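Structure first, commentary second.
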Amino acid sequence: MFNKTLNDIISYIKYDDNVLEIGCGTGRYLNGIKRLLKDEPHGIDISFNTIEKYTKSHKGIIPIYGDFLTHPFEIKYDFIYAITVLEYI
């Protein structure tokens with residue numbers, strides 16, 4: 001399942017896209033796509049502990065702690081995706 005989902009994401013992104021994953025967890029998908037992007041991908045998660053683990057385990061990814069509905073994003077994103085988020089709402 002992971003590889004199929006990762007390949008689906010990869011099929012939509014372009015090298016110069018600004019990418020955001022909503023509910024990024026520990027950054028597994030972002031880690032899989034970061035090598036294909038010009039700039040570091042961003043991931044936002046509402047769990048501080050998860051973001052802390054993510055920061056320690058992955059370099060080249062920008063973690064954001066917060067709620068994607070209320071966070072004041074500083075840039076515009078070309079590609080935004082969410083995987084396994086709805087079951088937590």
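This structure is a prediction, so every number in the text was calculated from the model and none was measured. Hydrogens, waters and symmetry mates play no part in the numbers below; they use all other heavy atoms, side chains included.
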In Å and rounded to the nearest 0.5 Å, what is the CG to CD1 distance from N31 to I61?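 Answer for the CG-CD1 pair, N31 versus I61, is 4.5 Å.
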Kindly compute the distance separating CD1 (I46) from CD1 (I64), expressed to the nearest 0.5 Å.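 Reported value, rounded in 0.5 Å steps: 13.0 Å.
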Evaluate the ring planes of F73 and Y77, with Trp represented by its six-membered ring, and classify them as parallel (under 30°), tilted (30 to 60°) or perpendicular (over 60°).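 Plane angle over 60°, so perpendicular.
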Which of these passes side-chain contact (heavy atoms from CB on, under 4.5 Å) with Y81: V19, L20, I22?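 Exactly one candidate clears the test, V19.
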Using the rule side-chain contact (heavy atoms from CB on, under 4.5 Å), only one of L30, L36, N18 pairs with P41; which is it?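 Only match with P41 under side-chain contact (heavy atoms from CB on, under 4.5 Å): L30.
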[X] and [Y]: same hydrophobic cluster, using ILVMFWY side-chain contacts below 4.5 Å?
X   : Y   : answer
F68 : I62 : no
L37 : I83 : yes
I13 : F2  : yes
L69 : I44 : yes
I80 : I75 : yes

Please determine whether the number of non-hydrogen atoms from other residues, nucleotides or ligands lying under 6.0 Å from atom NZ of K53 exceeds 12.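 Not buried by this count: 12 neighbours or fewer within 6.0 Å.
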Taking atom CZ of F48 as the centre, does the number of heavy atoms from other residues, nucleotides or ligands within less than 6.0 Å exceed 12?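 Check fails, neighbour count at 12 or below.
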Distance-minimising heavy-atom pair for C24 and I51: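 Between these two residues, the closest heavy atoms are SG-CD1, 4.0 Å.
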Any donor-acceptor pair under 3.5 Å linking the side chain of D17 with the backbone of K14?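 At least one qualifying donor-acceptor pair exists.
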Can E21 and Y29 be counted as having a side-chain donor-acceptor contact under 3.5 angstrom?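 No.
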